[in-house]
Amino acid sequence: MAVLPVGLVRRFRRVRGPASLGAKLVLIMTAVGLCAAIAITMLLAGIITPSFTQLEDKAIAGHIERTRAALSEYEAKVESAVRDYGDWNDSYAYMVDPDATPRRAGAEHARFENDSFSPLAMSNIGVDGMAYVAPDGRIVIARWRDPVSGVERPAMRRELIATIARTDIVRALQGRSSGRFYARIGDSVAAVGIARVRRSDGSGAPRGYVLMARVITSQQISDLLQLDARIDLNAAGIAETVTPRTGILTIAVPMKGADGRGVASTRFSVRRDVSLLGRRMLLLAVAGSTVLLLLVLAVLRRTITRLVLRPLHRVESHMERVRASGSLALLSEHGRRDEIGSLGRSFNAMLRQLKDLREQIEVQSFDLGRSESAVAVMHNVRNALNPISTILSQGIAQAPPIERTTVDRALGELVRTDVPEARRRKLVAFVAAAIEAESANREATRRELAVGREAMAHVLEIIGQQQKAAHERPTLERCDVADIIARNATIARYSQNVSIAFSFPAGPIPVMASRVILSQVIGNLFGNASESIVARGLGSGSIMTSIVEQDDRVTIVIRDDGEGFAPDLAPNLFQRGFSTRHHKSGGLGLHWCANSMTAMEGSLRLESDGPGLGAVAILSLHRAAARMAKAA
């Protein structure tokens with residue numbers, strides 16, 4: 001099985017996708033093609049079908065007219081023969097008195113009947129039956145002979161007499177000397193001719209009528225029409241009927257009797273060649289126009305694909321490569337001067353602008369990073385210098401335990417010899433107490449100065465390690481987080497002019513971190529907690545620290561009872577410049593702390609139950625023992 005290239009499959013899916021431009025164009029062109037095909041079909045059907053229908057109607061009218069002409073010609077032959085007998089002196093003499101008794105008259109009548117009604121005479125004039133009718137409708141003589149054998153057929157003679165009796169001869173003649181019509185004689189249809197009996201020159205009062213009948217068969221009408229026709233005895237009516245069927249038309253032409261109504265009909269079927277030709281022409285025209293339309297649509301689609309879709313796909317592919325690689329390479333142009341070329345040039349101009357902006361942003365980011373790094377150092381240095389400032393401020397503002405003048409006056413009295421012994425003992429006790437108080441004050445000052453010296457060392461350590469921390473990933477080492485917490489708690493007592501109680505666990509708890517950076521992070525968190533306690537306005541507070549060791553992680557929880565914050569503000573606390581205190585413009589403390597914890601493969605998050613309910617800082621680091629065992 002052949003495997004299609006991935007790019008071709010992806011392009012096919014993109015073209016076939018429901019939201020792609022190619023799919024929309026295909027859909028639009030398909031809809032246009034369908035509408036155009038329907039319109040062309042309706043147009044051709046509206047033009048071709050009526051035209052061929054008219055041609056078919058003309059052909060039908062021609063068939064009907066030829067049938068009428070054949071039937072009329074068949075009648076005309078009988079009428080011509082009967083007119084010869086009507087305008088004949090012998091017929092006129094015969095009808096003077098058909099029942100005359102004189103011998104001469106009877107002999108003439110018998111000779112006339114033998115000559116005129118003989119099989120040979122009837123065969124010569126081509127009729128099957130003859131009759132003379134008196135003016136009052138009485139049958140004078142009637143004969144019906146078989147056309148082949150010449151034998152008399154009494155049954156048909158009776159049918160002929162019955163037909164004459166039913167026929168209104170005067171109406172059939174319509175005031176003329178002769179007439180013709182079709183009549184049912186038994187089970188046959190015959191063309192009947194009738195004429196008035198007059199002299200050969202047409203003079204004399206008519207003495208009756210002579211009537212002749214010639215049977216017409218289906219074979220005879222077929223020979224006349226050169227079609228396969230038949231005589232339908234069951235049909236009636238005065239109008240022609242056309243019955244269309246698939247590929248065939250059945251036409252029925254009435255054979256009219258003496259009263260003008262049909263006594264039978266000539267029925268035949270003809271092929272609908274004109275209609276079939278029109279249908280074929282319509283199908284060919286529709287098929288040809290549809291194929292031509294499909295070819296036009298195919299060429300149009302290929303043209304659109306080549307001129308529009310492929311360049312757009314090339315732009316899209318280039319954009320995907322730019323997005324994947326990050327390299328703002330320019331799109332190769334082919335010198336097109338149309339809209340696609342303008343799009344490519346605009347796209348390249350945008351890429352050039354983005355490249356320039358990226359370079360500017362890189363330069364600005366470097367400057368901003370350097371500035372932020374310096375601000376972060378200053379922030380941490382400030383937090384470390386706050387205790388020194390507090391210690392110095394307290395030392396300057398602290399009054400001596402006993403005034404120096406009072407001590408000097410007591411010493412002056414002790415020098416004199418005239419001071420009573422009781423007074424001397426009191427002065428000695430006073431001076432000893434003053435010396436002890438001064439020693440205690442000096443020891444307290446020494447302790448405070450030691451704390452300040454430690455804070456100053458912390459500041460110097462921060463400044464010393466800044467270059468390494470700014471450009472390199474911090475080196476993780478084994479350090480005691482409990483000792484770091486204790487040292488920063490001692491320093492944090494002096495960070496604010498408020499009484500803060502600290503509680504933290506004792507004992508070494510080793511973690512993997514950068515000691516200097518972890519100390520800065522915890523110092524920042526203690527400083528923020530102290531500011532929160534001060535902002536609450538109670539004058540005192542507490543900061544409790546707990547450490548939980550679980551699996552290969554160590555979790556440090558720092559809880560304060562300061563002002564707290566709304567729970568929905570927790571995601572914003574680590575944003576650069578964000579602060580919950582309106583008198584501040586923001587800082588880099590928590591933002592730097594979170595990034596530093598991430599750099600040490602740890603984490604930092606803040607929680608609070610709401611304003612006035614305090615806050616909790618949760619730090620997580622690797623256990624030193626588990627990390628070293630894993631490394632080993």
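Quantities reported herein were computed from a predicted structural model and do not represent experimental measurements.
Shown here for Arg145 and Ser118, the closest heavy-atom pair between the two residues is NE-C, 4.0 Å. Met122 approaches Ser116 most closely through the heavy-atom pair CG-O, 4.3 Å. The two atoms that bring Tyr94 and Glu113 nearest to each other are OH-OE2, 2.5 Å, heavy atoms only. Residues Glu159 and Gly186 share a closest heavy-atom pair of OE1-N, 3.5 Å. Phe565 and Glu607 get closest at one heavy-atom pair: CZ-C, 3.6 Å. Considering all non-hydrogen atoms of both residues, Asp115 and Ala121 come closest at O-CB, 3.2 Å.
Residues Arg196 and Tyr209 have side chains in contact (heavy-atom distance under 4.5 Å, counting atoms from C-beta outward). Using a 4.5 Å heavy-atom cutoff, the side chains of Asp168 and Asp259 are not in contact. For the pair Ile38 and Met42, the minimum side-chain heavy-atom distance is below 4.5 Å. Contact check for Ile185 versus Val215: no side-chain heavy atoms found under the 4.5 Å cut-off. Residues Asp128 and Met156 fail the side-chain proximity criterion, which asks for heavy atoms closer than 4.5 Å. Looking only at side-chain heavy atoms (C-beta outward), Phe268 and Asp228 stay at 4.5 Å or farther from each other. Within the 4.5 Å cutoff, the side chain of Leu351 has heavy atoms near those of the His318 side chain. Side-chain atoms of Thr67 and Ile251, non-hydrogen and from C-beta on, never get closer than 4.5 Å to each other.
Other residues, nucleotides and ligands place more than 12 heavy atoms under 6.0 Å from the CG atom of Asn114. No more than 12 heavy atoms of other residues, nucleotides or ligands lie within 6.0 Å of CD in Gln353, so this atom counts as exposed by the packing criterion.
For Tyr132 and Phe117, the distance between ring centers is under 6.0 angstrom.
Side chain to side chain, His313 and Arg310 fail the donor-acceptor criterion of an N or O pair below 3.5 Å.
Evaluation of the salt bridge (charged side-chain N to carboxylate O under 4.0 Å, His left out) rule for Arg198 yields Asp87 as partners, not counting sequence neighbours.
Looking at Ser269, its side chain never comes within 3.5 Å of a backbone N or O of Ile248 through a donor-acceptor pair. Listed for the Arg176 side chain is no donor-acceptor partner under 3.5 Å among the backbone atoms of Ala195. Checked by atom type and distance alone, the side chain of Arg199 never pairs as donor or acceptor with a backbone atom of Tyr92 at under 3.5 Å. With hydrogens and angles ignored, the 3.5 Å screen pairs a side-chain donor or acceptor of Gln226 with a backbone N or O of Asp223. Counting only distance, with no hydrogens or angles, the side chain of Ser222 and the backbone of Leu227 share a donor-acceptor pair below 3.5 Å. Within the 3.5 Å criterion, the main-chain N or O of Ile194 finds no donor-acceptor partner in the side chain of Glu79. Listed for the Thr163 side chain is a donor-acceptor partner under 3.5 Å among the backbone atoms of Arg184. Between the side chain of Ser218 and the main chain of Ile231, a donor-acceptor pair closer than 3.5 Å is present. Distance alone, capped at 3.5 Å, is enough to place a donor-acceptor pair between the Asn89 side chain and the Ser200 backbone.
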Checklist entry - Passes side-chain contact (heavy atoms from CB on, under 4.5 Å), Ile216 versus Arg214? Steps please. => result CA-CA 6 Å; Ile216 185 171; Arg214 178 189 294 176; over 6 Å; no
Next on the checklist: For a side-chain contact (heavy atoms from CB on, under 4.5 Å) check, start with the C-alpha distance between Val210 and Trp88, then their side-chain angles and the critical distance, and finish with the verdict.
Outcome noted: CA-CA 11 Å; Val210 59; Trp88 188 17; over 6 Å; no
